[in-house]
Amino acid sequence: MPCGARVRRVAGPMPDQAPDQHLTGRQPRADKDVSMTEDETFHQLRAICARILSVDPARIAPDTDLREELDADSLDMAELAAASEDRFQLVVDLDTAKQARTLADVASLVRAGAQAG
Amino acid sequence: MAERVRVAVTGLGVRTPGGNDLRTFWDTLIAGRSTARTITSFDASSLPVGFACQVPGFDTGPYVTGKQARRMDRATLLAVCAADDALADAGLIDPSGMNGLGGPGGLAGASVPPERRAVVTGTALGGNETAEATLLGAAYAAPPSPPPSPPGAGAQPSALYVPRIMPNASAAFVSMRHQILGPSLTVSTACASGGHTIGEGLRLLRDGSADLVVAGGTEACVSPTILLAFHRCGALSQRVNEPECASRPFDAARDGFVLAEGAAFVVLERLEDAERRGARVYAELSGYGRTSDAHHLTTPDPKGEGAERCVRQALADAGLRTGDVACVNAHGSGTPLNDITEAQVIARLCGPGQVPVTSTKSILGHAIGAAGAIEAVVSVLTLHERLIHPTINLDVQDPECEIDVVRRPRPLGPGAVVSNSFAFGGHNASLVFTSARP
């Protein structure tokens with residue numbers, strides 16, 4: 001994973017989401033403009049993932065197969081996607097998130113979500 | 001006509017304010033030690049009623065992994081631990097097996113095929129702690145079951161929100177842990193849930209739906225919203241300066257119940273099966289009654305007709321008469337209306353002052369959907385130990401309650417123990433326990 005690149009965080013709600021956004025369960029995003037390196041993103045995702053899987057963060061590398069090596073199941077992946085949305089204030093494609101196998105995959109989703117925003 | 005199936009109680013497990021093992025639990029009851037305390041697990045100082053009966057020293061470590069615990073509300077954790085203990089107590093799983101991180105994993109000791117095992121759980125409020133922490137913020141959540149979202153997540157529910165709040169979560173987890181492939185059901189009849197689960201378990205065995213049943217109730221509802229809500233509908237005692245004196249069933253100065261939490265489970269199997277495998281038989285579950293008041297959402301029918309029919313039905317189901325009752329473990333919530341109604345029902349059925357009556361809620365408070373199951377365990381132990389625990393805080397008995405309330409531990413006479421549970425909504429449950437081989 002290249003380090004040093006910047007992930008732009010979503011700033012404010014997407015134009016097509018108001019005004020019935022609450023029906024989708026998604027909250028309007030806070031108007032923030034905070035940037036973060038990919039390394040920082042990974043470390044934050046790793047902390048979230050470790051909490052969800054109840055494992056030592058040191059066991060999670062970018063290419064660790066979360067399902068095969070850490071017994072993650074579909075509910076874990078859904079929780080990881082939702083927690084990522086909360087943490088980074090963006091929208092993650094849940095169907096794609098279900099297919100993710102590594103934290104690098106999840107980080108890609110987060111970047112994609114940020115770009116979509 | 002074939003002889004009716006007789007059902008034995010062979011295992012007990014508890015998580016209660018009075019103890020998390022049977023010996024501590026029973027000792028607390030016999031000593032008559034109130035478990036009501038000022039709440040310290042969250043800031044209750046702004047609440048009009050800031051005391052309750054909570055489960056102390058609840059350690060889930062020997063039972064579930066951290067990841068499993070994250071998926072469970074406190075109510076589910078209480079249930080899973082109590083159900084494991086009941087199965088271990090019945091000799092169906094190895095207690096030492098619970099030390100493994102994966103839990104017992106299956107009924108290795110049971111010869112009952114997975115398809116013939118059943119579980120029935122009861123709860124009134126399901127995963128209340130998770131719901132409240134998610135909707136109001138996590139400030140009130142207490143270990144060992146913190147909400148899956150970090151404090152402040154507030155409006156965004158975790159992906160675990162639904163699995164943690166759903167009322168059937170305990171039944172689901174118990175079935176998964178013990179490879180229970182037969183019926184797994186949840187009953188929700190407010191304060192009678194725990195009684196109904198055990199009665200419905202009895203019926204599963206009688207009707208041939210299962211050969212082994214794990215049944216019980218759980219509740220983890222000591223939270224700001226539930227305390228305030230019960231207070232506002234006038235159900236809670238307001239003796240904030242004397243929590244230990246607040247639960248006083250049948251006393252003239254009673255002013256409501258004390259909110260509690262806990263879980264209790266029993267293992268039920270056919271008496272002949274239990275005897276064949278050499279199991280310890282605590283008691284026989286002989287009768288079950290369930291009726292409805294169809295009267296009012298929160299107050300009992302003042303004539304107690306639904307309650308009376310319930311007890312009569314349970315005794316008839318057991319093939320017993322009112323004269324065969326040796327003790328009534330009353331619903332005895334300590335609310336002005338319940339206690340008068342229930343006392344009058346008992347006096348009508350058995351004669352004024354003719355049968356010893358006790359209220360477990362005087363000591364353990366009212367654990368809502370778990371109460372009936374906790375009191376069923378107490379009733380079983382009453383038969384097993386041949387001793388009735390006292391009702392505490394009975395200083396001046398309400399003259400309208402013409403019953404013999406047990407004030408000090410009293411030997412149990414010959415006969416049956418009846419356990420009553422009456423609920424918001426007018427749901428009534430009565431269980432009749434007898435000695436297996438009198």
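What you find for A:Leu75 and B:Ala159 is that their closest heavy atoms are CD1-O, 3.9 Å.
In this structure, the side chains of B:Arg70 and A:Leu53 stay at 4.5 Å or more apart for every pair of heavy atoms.
Contacts of A:Ile52 with chain B are made by both backbone and side-chain atoms, with heavy-atom separations under 4.5 Å. Heavy atoms closer than 4.5 Å to chain B are found in both the backbone and the side chain of A:Ala78.
Put simply, the side chain of B:Lys67 gets close to the backbone of A:Asp71: a donor and an acceptor are under 3.5 Å apart.
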